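Every number for a ligand or one of its atoms is a count from 1 in the order of the listing. All heavy atoms count here, side chains included; hydrogens, waters and symmetry mates do not. Worth saying up front: this structure is predicted, and the values here are computed from it rather than measured.
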Amino acid sequence: GQPLTLDDIVHRYGSTLAVDHVTLEVQAGELVALLGPSGCGKTTLLRIVAGFIAQTSGKVVVGERRIDDLPPNRRDVGIVFQNYALFPHMSVAENVGYGLAARGTDKAAARQRVADMLELVQMGHLAQRQTRELSGGQQQRVALARALAIEPRVLLLDEPFSALDKSLRLDMQIEIKRIQRSAGTTTLIVTHDQEEALGMADRVAVLSHGKLEQFDAPETVYDRP
Ligand code: ADP
Ligand code: ADP
């Protein structure tokens, strides 16, 4: 993995200051949960790292390199966002293999990787389904498989389990954690679920009104009054 640095990020939507001078250093292979009330700037931060929107000022650095100037598909970032849809006209397997094909991965290797990722999210039996025929939870699992298939340097997850039932949610949390640990993938996750943050995160970043209020181990953050 590689460290991800957000350096003095500011983002304004017109007159709304959504992100207010946030500096956050995520270590290589670390999983950081972004927490805070609705509207505090969590999704905006992830969208900036993904490259879907440009920050008003500040830098985004992965390893030694600024990635601000790269388009989203050149950033080596795996993305699972609620509004980041699967390609509806493609099968499950085609969706998961899309990024590999785009990167020119050898066909046999790509096929194997797709099969492994679908196995991981328990969707192997639906590989040939059209994605528009899937339930919300199935779509989230395919989105996770798609994000992980490219072995991203950075993984961005925005409420990635919201459509899953409790038991699958726990399974997926454990799987993501396992993959993130074994591949050493630097990960940022937005969640409203404190248990989820406690169980998964190495550190928790708490935002309030666009400012970073706390950045510490989950136990420390939750012990405070
Ligand atoms: P969170 O993800 O923590 O709920 P957001 O990053 O979505 O917060 O929003 C941060 C602030 O920016 C909020 O005040 C929100 O209303 C505002 N905001 C978010 N997206 C837009 C947008 N596209 N246009 C204008 N304001 C926005
Ligand atoms: P690739 O699969 O080729 O690596 P992506 O599928 O990541 O590329 O991105 C395709 C394009 O769709 C991106 O350039 C991005 O700008 C756009 N895009 C996808 N989802 C969103 C979103 N939620 N908000 C804004 N733009 C998006």
So if I count the atoms of ligand 1 from 1 in the order they appear, which ones are less than 4.0 Å from some heavy atom of K42? 1 (P), 2 (O), 3 (O), 4 (O), 6 (O), 8 (O)

Looking only at heavy atoms of G36, does any of them come nearer than 4.0 Å to an atom of ligand 1? no

In terms of relative ring orientation, are Y98 and F87 parallel, tilted or perpendicular, with 30° and 60° separating the classes? tilted

Using a distance-only test with no angle check, is there a side-chain donor-acceptor pair under 3.5 angstrom linking E196 and T191? yes

Among non-hydrogen protein atoms, atom 25 (C) of ligand 1 lies closest to Y13 CB, 3.3 Å

Protein contact to atom 5 (P) of ligand 1 [nearest heavy atom, distance to 0.1 Å]: T44 OG1, 3.6 Å

If you scan the protein for heavy atoms around atom 15 (C) of ligand 1, do you find one that is closer than 4.0 Å? no

Within the 4.0 Å heavy-atom shell around C40, which atoms of ligand 1 are there? 1 (P), 3 (O), 8 (O)

Above 12 or not: heavy atoms from other molecules or residues under 6.0 Å from NZ of K211? no

Is there a polar contact between ligand 1 and T43, counting only N or O atoms under 3.5 Å apart? yes

Please report the interatomic distance NZ(K59) to CD1(I48), rounded to the nearest 0.5 Å. 15.5 Å

Closest heavy-atom pair and its distance - G210, V22: O-CG2, 3.3 Å

Nitrogen or oxygen atoms of G41 and ligand 1 under 3.5 Å apart: yes

Per-atom contacts, ligand 1 versus T16 - under 4.0 Å to a heavy atom: 14 (O)

Pairwise distance CD(E94) to CG(L86) - rounded to 0.5 angstrom: 12.0 Å

For atom 13 (C) of ligand 1, what's the nearest protein heavy-atom neighbour? Residue, atom name and distance, please. G39 O, 3.5 Å

In terms of hydrophobic clusters joined by side-chain contacts under 4.5 Å, are F161 and L188 together? no

Which ligand 1 atoms are under 4.0 Å away from a heavy-atom of A18? 10 (C), 11 (C), 12 (O)

For H192, I'd like to know if atom NE2 has over 12 heavy atoms of other residues, nucleotides or ligands within 6.0 Å. yes

